[in-house]
Number of protein chains: 2
Amino acid sequence: MKKNNKKIDWRSICPISSSLDVLGDKWSLLIIRDLIIHESRTYSQFLESPEQIATNILASRLNLLSHLKLIERVNLKSASRNNAYQLTKGGEALKPIIKSLGKWAGEHLSEFNPNMLKINETL
Amino acid sequence: MKKNNKKIDWRSICPISSSLDVLGDKWSLLIIRDLIIHESRTYSQFLESPEQIATNILASRLNLLSHLKLIERVNLKSASRNNAYQLTKGGEALKPIIKSLGKWAGEHLSEFNPNMLKINETL
DNA sequence: CCGGATCCTTGTCGATACTG
DNA sequence: CAGTATCGACAAGGATCCGG
């Protein structure tokens with residue numbers, strides 16, 4: 001049987017905790033970020049991002065985010081193979097939050113990661 | 001030798017990625033959340049939160065967040081033992097982001113975690 | 001080739017016991 | 001009370017394999 005571990009164990013009834021139960025890892029929000037920047041991405045395009053996610057991690061995150069209806073598969077006429085992902089309404093709603101995170105990092109993390117770009121240069 | 005691994009390996013120069021290199025786990029932002037709600041917390045008060053963080057994880061996160069200057073130790077006259085933590089300016093700056101996350105979860109995650117509370121205005 | 005699935009190694013998490 | 005040590009479980013990460 002497929003590893004269909006869609007069951008999330010919610011640690012509490014706190015909404016902040018619940019958001020972290022879902023997005024509290026190093027990769028999920030990065031996938032959302034790519035979809036904010038590029039509108040749509042294929043599997044191999046995700047792999048081209050500089051952070052170099054592993055194929056199995058990417059697949060599991062795409063499954064989870066699809067299940068949560070934050071992203072969805074789309075058929076692109078432009079692509080030869082019709083399999084790309086893009087944000088749903090729910091995923092789009094994360095856009096200002098992720099931009100704020102980037103802005104915050106530029107203001108408070110430059111000391112520790114000096115090479116980091118400012119947010120305007122990336123988004 | 002002590003595990004003094006304060007070195008963070010930044011995956012890229014992207015500020016969003018950098019913020020996740022630091023806060024992209026299930027516990028760091030929950031510690032910040034507690035300090036937003038309560039102003040200051042002691043070690044054992046953190047342990048009382050409903051999500052039940054393990055003691056070693058709590059200690060390592062408190063160290064990391066202190067090193068990043070997002071939280072700081074304070075001496076409380078009110079407490080018999082003078083060891084509590086509170087947010088710095090940098091940590092305070094996360095407040096609107098965390099509130100937005102809670103609001104987002106209430107709007108887009110209730111379907112999956114039905115018992116979840118709605119975020120209240122006072123938080 | 002592209003989109004994954006599978007195997008395997010390594011590292012981190014997390015529960016609990018223990019210490020100053 | 002504020003952490004540290006230990007150890008098993010499990011997830012991450014790398015490499016490779018496979019179906020279309």
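The chains referred to below are lettered A, B, ... by the order of the sequence lines, with proteins before strands, and numbering in each begins at 1.
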Rounding to a whole Å, what distance do you find between [X]:[atom1] and [N]:[atom2]?
X: Arg41(B); N: dA2(D); atom1: CZ; atom2: P; value: 11 Å
X: Leu64(B); N: dT12(C); atom1: CG; atom2: C1'; value: 14 Å
X: Leu47(A); N: dA5(C); atom1: CG; atom2: C1'; value: 14 Å
X: Asp9(A); N: dC10(D); atom1: CG; atom2: P; value: 12 Å
X: Leu30(B); N: dG14(C); atom1: CG; atom2: C1'; value: 15 Å
X: Tyr43(B); N: dG20(C); atom1: OH; atom2: P; value: 16 Å
X: Asn63(A); N: dG3(C); atom1: CG; atom2: P; value: 14 Å
X: Asn83(B); N: dG20(C); atom1: CG; atom2: C1'; value: 14 Å

Ring pair (Phe, Tyr, Trp, His ring centres under 6.0 Å) partners for [X], two or more places apart:
X: Trp27(B); answer: none
X: Phe112(B); answer: His67(A)
X: Trp104(B); answer: His108(B)

Checklist entry - OH of Tyr85(B) to CD of Glu72(B): how many Å apart, nearest 0.5 Å? => result 11.5 Å
Next on the checklist: Measuring from atom CZ of Arg33(A) to atom NZ of Lys95(A), what distance do you get when rounded to the nearest 0.5 angstrom?
Outcome noted: 14.0 Å
Atom pairs, protein N/O to nucleotides 14-16 of chain D N/O, distance under 3.5 Å:
{"unit_1": "dG14(D)", "atom_1": "O6", "unit_2": "Asn56(A)", "atom_2": "ND2", "d": "2.9"}

Checklist entry - What residues, two or more places apart in sequence or in another chain, satisfy salt bridge (charged side-chain N to carboxylate O under 4.0 Å, His left out) together with Asp21(A)? => result Arg11(A)
Next on the checklist: Can you list everything that forms a salt bridge (charged side-chain N to carboxylate O under 4.0 Å, His left out) with Glu107(A)? Sequence neighbours excluded, please.
Outcome noted: Lys103(A)
Side-chain N or O of [X] versus OP1/OP2 of [N]: is the shortest distance under 4.0 Å?
X: Arg73(A); N: dG4(C); result: yes
X: Arg61(A); N: dA11(D); result: no
X: Tyr85(A); N: dG4(C); result: yes

Checklist entry - Can you tell me which stems DNA chain C forms when a stem means 3 or more consecutive Watson-Crick or G-U pairs under 3.5 Å? => result C:1-19 with D:2-20
Next on the checklist: I want to check something: taking the side chain as every heavy atom from C-beta on, are Leu62(B) and Phe46(B) in contact at a cut-off of under 4.5 Å?
Outcome noted: yes
Looking at residues at least two apart in the chain, or sitting in another chain, which of them share a side chain to side chain donor-acceptor pair (under 3.5 Å) with [X]?
X: Ser12(A); value: Ser17(A), Glu51(B)
X: Tyr43(B); value: none
X: Asp25(A); value: Ser28(A), Arg61(A)
X: Ser19(A); value: none

Item to check | Nucleic acid contacts - residues 19-29 of chain A versus DNA chain D, non-hydrogen atoms under 4.0 Å | outcome: Trp27(A)
Checklist entry - Where the side chain of Ala59(A) is concerned, which of dA5(C), dC1(D), dA12(D) is the nearest nucleotide? => result dA5(C)
Item to check | Ile57(B) side chain, from C-beta outward: closest of dC13(C), dG3(C), dA12(D) | outcome: dC13(C)
Next on the checklist: At 4.0 Å (heavy atoms only), tell me whether Phe46(A) reaches a base, stays on the sugar-phosphate, or touches nothing.
Outcome noted: nothing
